[in-house]
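Values reported hereafter were calculated over all heavy atoms of this structure, with side chains retained and with hydrogens, waters and symmetry mates removed. Numbers restart at 1 for each chain; the letters A, B, ... are given by sequence-line order, proteins then strands.
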Number of protein chains: 2
Amino acid sequence: MLEGQYLDSLGAVPGAPRPTEVHQHLRGLIMSGAIPPGARINIDDAARQLSVSPTPVREALAGLESEGLVVKVPLRGYRTTELLTRDELIELYELRMLLEPAAAASAARRRDDAALQAFDAELATLNGHPAALPAGALSAHDERLHGLVFDTAGNRLISRTYARTHCHLHIFRLSYAGSYGHGTLDEHVEIVRAIRDSDPERAAEAMREHLDLSLGRVLGTEAAAH
Amino acid sequence: MLEGQYLDSLGAVPGAPRPTEVHQHLRGLIMSGAIPPGARINIDDAARQLSVSPTPVREALAGLESEGLVVKVPLRGYRTTELLTRDELIELYELRMLLEPAAAASAARRRDDAALQAFDAELATLNGHPAALPAGALSAHDERLHGLVFDTAGNRLISRTYARTHCHLHIFRLSYAGSYGHGTLDEHVEIVRAIRDSDPERAAEAMREHLDLSLGRVLGTEAAAH
DNA sequence: GTCATTCGAATCCTATAGGATTTCCGCCAT
DNA sequence: ATGGCGGAAATCCTATAGGATTCGAATGAC
């Protein structure tokens with residue numbers, strides 16, 4: 001339905017590639033929770049609010065559908081993807097458990113000065129604020145840190161593969177705020193420490209433990225909400 | 001440029017969901033090699049040959065772009081994705097090595113009568129033909145069998161994740177025919193045998209060995225073509 | 001002979017209009 | 001009062017037309 005508060009900050013350059021912008025814009029709206037899961041998306045309304053014609057919007061939605069962020073019912077319009085069920089959440093963590101420990105180990109093998117500096121910088125962003133962070137800060141930090149692990153691991157195909165599915169977890173966590181406990185940061189520190197020490201086995205183990213605890217936290221909040 | 005031999009077998013039912021059909025049609029053309037890697041796709045020509053207007057074609061291409069089958073240069077049109085480089089091929093097999101042994105182990109744990117029957121039926125399709133198979137038969141068999149392993153493993157998220165990247169390997173093998181040796185079938189039999197025996201560890205090991213040998217075969221043909 | 005420049009054709013991109021389908025609401029019968 | 005039915009509004013879907021941009025070839029200069 002598009003609340004109507006999102007500026008139409010495009011349209012200045014007529015020749016600019018608008019479909020890409022519309023795509024990114026809609027993606028941001030979904031990822032930020034502005035368009036809640038399961039909500040219908042009216043093509044004409046969206047086009048009006050973005051000051052474009054329905055055609056680019058339709059094109060962007062087709063792309064988002066292949067990314068799994070929206071679903072299309074042939075003659076009934078588009079809807080955002082429903083929230084992950086408990087089973088789907090467990091499946092997602094099974095996938096993470098396959099990819100991320102291996103990525104952490106690879107990162108420990110391949111890490112260089114630039115990578116370590118990036119890790120330190122990322123950890124420093126939350127170091128001074130032990131608690132009472134703005135909403136979503138921990139979520140964003142978590143996403144960035146895991147992204148750094150994949151980047152350092154050096155397999156771009158795996159990185160993209162993971163990023164494609166990670167967005168669903170992101171949306172899930174937005175809906176059930178508080179899926180992060182105090183342990184999250186400590187576990188991150190432990191992973192980074194193992195990577196800095198070039199200890200692949202310890203990095204993989206730290207990542208496994210982090211994922212295990214993370215799944216417990218997420219399932220806990222889901223059960224509480226239920 | 002679309003050779004022009006692909007019939008417009010759609011258009012009978014006006015209300016039918018055509019974008020989906022166009023999407024599947026184009027995907028088939030790319031996956032079958034009818035549109036070679038790196039070729040340009042003219043929207044108007046494609047629309048004419050499919051007897052639809054450019055709009056649904058554009059919509060389908062936007063979806064294919066998110067799947068990684070085509071790339072879009074903003075004001076220069078669409079092109080099919082280039083063939084995998086040697087490094088990308090190795091990255092793909094790294095991903096397979098993470099997902100498929102685990103899937104084989106899971107399949108060995110969860111296999112039931114229906115799954116075993118499906119495996120037998122798949123192996124039987126090539127049993128009578130030891131050699132001199134029609135081109136692409138081995139490739140199709142390989143794809144189906146690995147898909148069966150994932151289906152039996154029971155994690156649909158991982159299945160889709162893999163299917164999304166597998167298509168690139170498929171295209172690669174079409175370009176370098178002969179990436180399958182005599183060993184392929186024997187290795188498949190070994191994997192299925194371990195799954196039938198409910199031996200997860202052996203299934204994973206058989207899959208690892210199969211992937212290792214498969215990578216060697218693929219890299220060999222690539223080196224020979226070079 | 002080679003390079004830069006200009007002109008033309010082809011192509012992409014967006015907007016608008018019309019047809020087809022679904023959905024929702026009021027109405028009637030039971 | 002409840003369930004079935006008919007019509008109108010809303011929405012999706014496709015086609016067509018026009019503007020903007022890019023690519024290729026021909027022309028001219030050095």
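A side-chain donor-acceptor contact under 3.5 Å links A/H23 and A/E67.
In this structure, the NZ atom of A/K72 is 9 Å from the C1' atom of D/dC12, given to the nearest Å. Distance B/D45 CG to C/dA10 P: 11 Å, rounded to the nearest Å. With rounding to whole Å, B/R40 atom CZ is found 8 Å from C/dT11 atom P. Note: CG (A/L75) to C1' (D/dA10) measures 14 Å, nearest angstrom. Atom-to-atom, CG of A/N42 to C1' of D/dA9 comes out at 13 Å; the value is rounded to the nearest Å. We find that CZ of B/R76 is positioned 4 Å from P of D/dC23, with the value rounded to whole Å. Summarising the geometry, the separation between CD1 on A/I43 and P on C/dA15 is reported as 14 Å, rounded to the nearest angstrom. The CZ-P distance, from A/R48 to C/dA15, rounds to 13 Å in whole Å.
Toward the 5′ end of DNA chain C lies the nearest nucleotide of B/G77, the other residue of the pair B/T55 and B/G77 mapping further downstream. Along DNA chain C, the nucleotide closest to B/V73 and the one closest to A/P54 are compared, and the more 5′ of them pairs with B/V73.
Within the 4.5 Å cutoff, the side chain of B/L145 has heavy atoms near those of the B/V192 side chain.
Listed by first then second residue, pairs satisfying side chain to side chain donor-acceptor pair (under 3.5 Å) with a partner in residues 98-116 of chain B read B/R96-B/E100, B/E100-B/H146, B/E100-B/Y162, B/R111-B/S198, not counting sequence neighbours.
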Review item, side-chain donor-acceptor pairs of residues 149-157 of chain B, under 3.5 Å, at least two apart:
residue	atom	partner	partner atom	Å
B/T152	OG1	B/L148	O	2.8
B/N155	OD1	B/L157	N	3.1
B/N155	OD1	B/I158	N	3.1
B/N155	ND2	A/E91	O	3.3
B/N155	ND2	A/E94	OE1	2.9

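The side chain of B/E59 lies closest to D/dT14 when the candidates are D/dC12, D/dT14, C/dC12.
For C/dT14, the OP1/OP2 oxygens have no side-chain nitrogen or oxygen of A/S53 closer than 4.0 Å.
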